[in-house]
Amino acid sequence: MKNDKRDILLHLYGELPQSTDLRSLLKDEELRDEHAALSEAKFRLDHRAKERPSQDVLDHIIAAAAAGTDENLTLKRRDRKPIARTHSLKKILIPALSLAAAILFGVGMGWIGGSSNQVPASAPSALADDSVVPPESLYRYVPPRQNALRQASERQSRLAWDDDSSLPNLHRRIITLNPSNGTDWGSGALPLEVLPTSQNRGFQTAGSNN
Amino acid sequence: MHPADEVLVSRYVESGDQAAFHTLVNRHQERVFGYLLGMVRNREVANDLFQDTYLRVISALSKQRGSYTTQGKFLAWVMRIARNAALDHLRARKKWQDVPGSNEDDATSYWERLPDHEPAADFKMHLSQQADVLKVCIDALSNEQKEVLLLRHEADLTFREIADLTGCSINTALGRMRYALINLRRMMSTEEIKDLTEVGE
């Protein structure tokens, strides 16, 4: 019974399978009344005036569709291999700014160190000679007092090492310790066997031990 | 012979044929707008929702068809978008309450249990103030009955498509439609009796 009412409704809306026999359904009085009631309401609904949106809305939609088409074409063009940007602005700016910041920082620190190293006129001459600041002090901060002492000690050690009389003195000492040595400085290189020792004197032929 | 919806969609998506899209809008404008107007009962709001619906359609089609993957069911797809727009609007104004859908396909169960909604108490007073009697009668239906009626009569969807769209069984959709028609007939008969009485006086 319930399926029959459902079939009547489907028949009204043209969705009933062709195999269903409607005539046999309408022989039942209750189903016939059901069919009439539903048909009447449907008839009124079918003859309602159709509503339409305003023309402004339709125009806006059509304009948006045109824009959507452009966007679509843009998407299609994206299939092409993108053009590689060799030097982007970001890649150039960031290292340049980093380098500039590092230089400014270094110069700033050097300026602070340099202003601290400025020695008054009454200072000792060893410290006053540092009018020329070593380049490394531009990048490395050294406390002023330690800096002066270190430079003074370096100067002293450098003067002792660069004494011009050290080499002749060393040469004379070698000659004195080995007077029998006939070789001279500046001669060609000789094998060690040629040099005299305490047990044999100079070069000997093979088999001449005695 | 008019080209099918699918052909027009392909022309628009693949070759940017704006005339094809224009044809699609014109072809279905009464169905979509009639459903929206019946749901929200306000022409300005219905115009806004109609525009939102087709802007979403354009956006989806611009993404190489987007969510439109079902071939040959363009109208059902558009109606789903329109329904979502309408329900969002109604839910925001607390004029829509979701009813859990009945997925059971037992014909006797839902057919018997479906409530026969009586017209609201203030229906007669409201009815006398409206020129379009039928429109007021439709408004007096429950949300579920009204939606099925609008989807069938305005959007011209089949009951199977309505069931898929609203997330219920086809028997539920048929039951809602049946009681919508019965209630409409009852309400209109009441109004006709009233009119005849007024003429007689």
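Chain identifiers are assigned alphabetically (A, B, ...) following the order of the sequence lines, protein sequences preceding nucleic acid strands; residue numbering begins at 1 within each chain.
Each of A:Lys50, A:His60, A:Glu15 has some count of heavy-atom pairs under 4.5 Å with chain B, and the biggest count is that of A:Glu15. Chosen from A:Asp56, A:Leu10, A:Ile62, the residue pairing most often with chain B at heavy-atom distances under 4.5 Å is A:Ile62. Comparing B:Leu149, B:Asp48, B:Leu181 by how many heavy-atom pairs each has under 4.5 Å with chain A, the most go to B:Leu181.
With a 4.5 angstrom heavy-atom cutoff, B:Arg43 touches chain A only via side-chain atoms. Looking at A:Asp46, both its backbone and its side chain come within 4.5 Å of chain B, counting heavy atoms on both sides. No part of B:Leu36 comes within reach of chain A, as not one of its non-hydrogen atoms sits under 4.5 angstrom from that chain.
A donor-acceptor pair under 3.5 Å links the side-chain atoms of B:Arg93 to the main chain of B:His89, judged by distance alone. Under a 3.5 Å cut-off, the side chain of B:Arg152 and the backbone N or O of A:Tyr13 do form a donor-acceptor pair.
The side chain to side chain contact (heavy atoms under 4.5 Å, CB included) search around A:His35 returns A:Ile8, A:His11, A:Leu12, A:Leu26, A:Ser39, not counting sequence neighbours.
Between B:Glu161 and B:Leu165 the shortest side-chain heavy-atom distance does not fall below 4.5 Å.
A cation-pi arrangement, defined by a distance under 6.0 Å to the six-membered ring centre and an angle within 45 degrees of its axis, is absent between B:Arg83 and B:Tyr35.
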